[in-house]
S.K.: 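Before we start, here is the structure in question, set down as structure tokens.
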Amino acid sequence: MMVLCALRRQLLSRSNCGAWARLLQRQSRGCVYSITHGFNQDEIREKLQAFPGGSIDLLKQESGIAVLTINNPARMNAFSGSMMVDLEERVSQLESWTDCKGLIVQGSSGTFCSGSDLNAVRAISNPQDGMKMCMFMQNTLTRLLRLPLISVALVEGRALGGGAELITACDFRLMASGSEIQFVHKHMGLVPGWGGAARLVRIVGSQHALKLLGGALKVEPELGLQIGLADGVLEAEEDALPLQQAEDWLSRYTKGAAPVIRAVKKVVLSGRELPLSDALRTEKDVFGTVWGGPANLQALASKPKHK
Ligand SMILES: CC[C@H](C(=O)O)C(=O)SCCNC(=O)CCNC(=O)[C@H](O)C(C)(C)COP(=O)(O)OP(=O)(O)OC[C@H]1O[C@@H](n2cnc3c(N)ncnc32)[C@H](O)[C@@H]1OP(=O)(O)O
């Protein structure tokens with residue numbers, strides 16, 4: 001029940017003003033794990049920082065669409081420990097950008113992400129540290145998915161392991177021609193740990209999820225579209241790079257006033273995650289934040305008065 005209230009509080013927080021709101025925001029960031037689960041964020045953050053390399057870069061654009069880039073090209077954009085910490089910090093920044101409407105998540109140098117950095121994985125392979133890394137990434141990716149904006153993963157090259165899990169924490173996925181998504185976990189004697197299995201079942205259904213995980217199947221664009229893992233395929237174009245193509249695709253759904261687009265995500269999020277009565281109450285509350293708002297009044301003023 002606490003999580004439901006926390007999610008409702010998060011959805012309704014109009015802004016980050018005020019220490020109380022920030023405290024609530026921190027408490028109700030929709031984190032899955034907290035100190036009550038034996039999860040000490042500062043402790044695991046310090047451990048992860050010991051594995052440096054690469055960065056997670058965030059760019060906010062005038063269009064209201066931000067671009068988050070997984071940037072570790074020397075290692076096929078594998079997630080080092082410090083990049084996991086970076087990602088949490090970028091999600092915190094996105095949570096505070098109240099005029100942001102959309103987000104594109106991409107990899108640098110023409111490929112998406114090849115999962116955790118195997119050097120870091122080897123160093124934290126003991127169960128305790130592995131579970132802490134898992135909880136840290138589950139918290140971050142859950143907050144990413146719950147951002148009140150519309151997100152799309154732009155998959156070029158390969159999205160493997162944790163990289164495949166990351167794309168399930170976006171609302172949509174666009175695959176460039178020739179790209180591949182593969183949940184390689186089985187080959188490592190693992191199952192997803194960053195929440196990728198739970199989200200994959202909700203995206204493609206349990207039958208397809210069982211095949212993708214049990215078979216560690218390579219998902220190319222055609223199969224991705226067929227099973228609903230991909231929402232679109234980007235064919236190579238001479239005059240438009242994949243990022244521009246992705247932005248053109250996303251802007252169909254983010255065109256309009258930021259408060260309205262953010263309210264759209266909030267009501268869909270509550271419909272997806274909350275029991276019906278809670279979802280209806282949240283929808284009513286979110287409706288109250290836009291009814292009579294600037295965009296609503298402007299729309300009414302532009303309509304001809306009916307006799
Ligand atoms: C819960 C998530 C889960 C976990 O945390 O336990 C994981 O995500 S575990 C990691 C799962 N990912 C993989 O197993 C992919 C490993 N990489 C590959 O299979 C290949 O590198 C591939 C297919 C991505 C690209 O192959 P290609 O031949 O094109 O390039 P190289 O293999 O030569 O790679 C270039 C360069 O990048 C380094 N690299 C690639 N992936 C990783 C990685 N995940 N961790 C660390 N380093 C990685 C690779 O070692 C090469 O570096 P170099 O110094 O040139 O040898």
Side-chain angles (χ1 to χ4, degrees), residues 32-33 39 44-45 47-56 69-88 91 105-145 153-170 173 175-203 209-210 212-221 223-224 229:
V32 183
Y33 304 101
F39 176 69
I44 185 64
R45 180 188 279 124
K47 273 186 187 286
L48 291 171
Q49 288 284 28
F51 303 101
S55 64
I56 301 291
T69 304
I70 310 157
N71 191 10
N72 193 9
R75 316 208 71 74
M76 303 297 279
N77 296 332
F79 258 94
S80 66
S82 61
M83 288 168 71
M84 294 178 191
V85 175
D86 267 7
L87 181 61
E88 192 275 332
V91 170
V105 179
Q106 64 167 5
S108 70
S109 306
T111 193
F112 189 77
C113 171
S114 69
S116 290
D117 181 321
L118 289 164
N119 304 309
V121 168
R122 290 183 190 100
I124 57 172
S125 57
N126 68 77
Q128 292 73 20
D129 287 346
M131 298 290 277
K132 288 171 184 172
M133 178 267 288
C134 161
M135 291 191 280
F136 186 89
M137 288 303 286
Q138 279 198 15
N139 271 358
T140 301
L141 295 184
T142 302
R143 288 166 55 199
L144 174 65
L145 184 58
L154 167 56
V155 182
E156 295 176 271
R158 292 185 176 97
L160 306 178
E165 297 195 61
L166 174 50
I167 68 168
T168 65
C170 296
R173 285 145 293 280
M175 292 183 76
S177 51
S179 61
E180 266 179 25
I181 299 167
Q182 189 181 11
F183 292 83
V184 296
H185 303 76
K186 181 181 85 165
H187 295 328
M188 302 194 51
L190 289 171
V191 294
W194 297 357
R199 294 186 296 269
L200 184 64
V201 169
R202 283 159 174 75
I203 295 168
L210 267 177
L212 295 191
L213 297 178
L217 300 185
K218 285 186 182 179
V219 181
E220 297 177 348
L223 178 59
L229 185 56

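We count ligands from 1, going down the list as the structure has it; atoms in each ligand are counted the same way.
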S.K.: Please tell me if the side chains of Ile124 and Phe51 come closer than 4.5 Å, counting only heavy atoms from C-beta onward.
M.R.: yes
S.K.: Taking atom 45 (N) of ligand 1 as the reference point, report whether a protein heavy atom occurs under 4.0 Å from it.
M.R.: yes
S.K.: With a cut-off of 4.0 Å, which atoms of ligand 1 are near a heavy atom of Gly115?
M.R.: 8 (O)
S.K.: Could you report the tightest heavy-atom contact between Ala164 and Ile181, atom names first, then the distance?
M.R.: CB-CG2, 3.9 Å
S.K.: How about Trp194 and Phe136: are their ring centres within less than 6.0 Å of each other?
M.R.: no
S.K.: May I ask you to identify the nearest protein heavy atom to atom 2 (C) of ligand 1, giving residue, atom name and distance to one decimal place in Å?
M.R.: Gly162 N, 3.6 Å
S.K.: Are the side chains of Thr168 and Arg202 in touch, meaning some heavy atoms are under 4.5 Å apart?
M.R.: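 No, side chains not in contact.
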S.K.: To check you understand the geometry: which heavy-atom pair defines the closest contact between Ala197 and Leu213, and what is its length?
M.R.: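 In this case the closest contact between Ala197 and Leu213 is CB-CD1, 4.0 Å.
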S.K.: Considering non-hydrogen atoms only, spot the tightest contact between Lys132 and Phe39 and give its length.
M.R.: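 The answer is O-CE1, 3.8 Å.
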S.K.: When you measure from atom 53 (P) of ligand 1 to every protein heavy atom, which one gives the shortest distance, and what is it?
M.R.: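 Result for atom 53 (P) of ligand 1: Arg75 NH2, 4.7 Å.
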S.K.: Which heavy-atom pair separates Gly193 from Gln138 by the least distance, and what is that distance?
M.R.: O-NE2, 3.0 Å
S.K.: Looking only at protein heavy atoms, which one is nearest to atom 35 (C) of ligand 1, and how far off is it?
M.R.: Met76 CG, 3.8 Å
S.K.: Side chains of Arg75 and Asn72: do they bring a donor and an acceptor to under 3.5 Å?
M.R.: no
S.K.: Which residue and non-hydrogen atom of the protein lie closest to atom 4 (C) of ligand 1, and at what distance in Å?
M.R.: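 Result: Ser116 OG, 3.5 Å.
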S.K.: Kindly state if atom 31 (P) of ligand 1 has a protein heavy atom within a strict 4.0 Å cut-off, that is, under 4.0 Å?
M.R.: no
S.K.: With the threshold set strictly below 4.0 angstrom, can you tell me whether any protein non-hydrogen atom sits that near atom 28 (O) of ligand 1?
M.R.: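 No, there is none.
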S.K.: I'd like to check which ligand 1 atoms, numbered from 1 as shown, lie under 4.0 Å from a non-hydrogen atom of Gly161.
M.R.: 8 (O)
S.K.: Any idea which protein heavy atom is nearest atom 26 (O) of ligand 1, and the distance to it?
M.R.: Arg158 NH1, 4.2 Å
S.K.: Is there at least one pair of N or O atoms, one from Leu190 and one from ligand 1, spaced under 3.5 Å apart?
M.R.: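 No, Leu190 has no N/O under 3.5 Å of an N/O on ligand 1.
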S.K.: Would a 4.5 Å heavy-atom cut-off, applied to side chains only, mark Leu166 and Ile70 as touching?
M.R.: yes
S.K.: Can you name the closest pair of heavy atoms from Leu141 and Leu87 and give their distance?
M.R.: CD2-CD2, 3.9 Å
S.K.: Output yes when a protein non-hydrogen atom is found under 4.0 Å of atom 50 (O) of ligand 1, and no otherwise.
M.R.: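 Yes.
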S.K.: Where the closest heavy atom to atom 43 (C) of ligand 1 is concerned, which of Pro192, Ala78, Gly195 has it?
M.R.: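 The nearest heavy atom belongs to Ala78.
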S.K.: Determine whether any heavy atom of Ala74 lies closer than 4.0 Å to an atom of ligand 1.
M.R.: yes
S.K.: Could you check if a side-chain atom of Pro192 sits within less than 4.5 angstrom of a side-chain atom of Leu200, using non-hydrogen atoms only?
M.R.: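 They are not in side-chain contact.
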S.K.: How far is atom 9 (S) of ligand 1 from its nearest protein heavy atom, and which residue and atom name does that atom have?
M.R.: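 The closest heavy atom on the protein side is Met188 SD, 3.5 Å.
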S.K.: What protein heavy atom is closest to atom 41 (N) of ligand 1, reported as residue, atom name and distance in Å?
M.R.: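 Answer for atom 41 (N) of ligand 1: Ser114 OG, 2.9 Å.
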S.K.: So which bit of Trp194 gets within less than 4.0 Å of ligand 1, heavy atoms only: side chain, backbone, both or neither?
M.R.: side chain
S.K.: Using a 4.0 Å heavy-atom cut-off, say whether Met137 meets ligand 1 through its side chain, its backbone, both or neither.
M.R.: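 Neither part.
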S.K.: Mark up the atoms of ligand 1 that fall under 4.0 Å of a heavy atom belonging to Glu165, in ascending order.
M.R.: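 Near Glu165, meaning under 4.0 Å from one of its heavy atoms, ligand 1 has 1 (C), 2 (C).
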S.K.: Could you tell me the residue and atom name of the protein heavy atom closest to atom 19 (O) of ligand 1, and the distance to it rounded to 0.1 Å?
M.R.: Leu160 CD1, 4.3 Å
S.K.: Any heavy atom of His187 sitting closer than 4.0 Å to ligand 1?
M.R.: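 In this structure, His187 fails to qualify as a contact of ligand 1 - no heavy atom is under 4.0 Å.
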S.K.: Can you see which heavy atom on Phe112 is nearest to which on Gly163, and at what distance?
M.R.: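 That closest heavy-atom pairing would be CE2-O, 3.5 Å.
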S.K.: Do any N or O atoms from the side chain of Arg173 and from the backbone of Ile167 form a donor-acceptor pair under 3.5 angstrom?
M.R.: yes
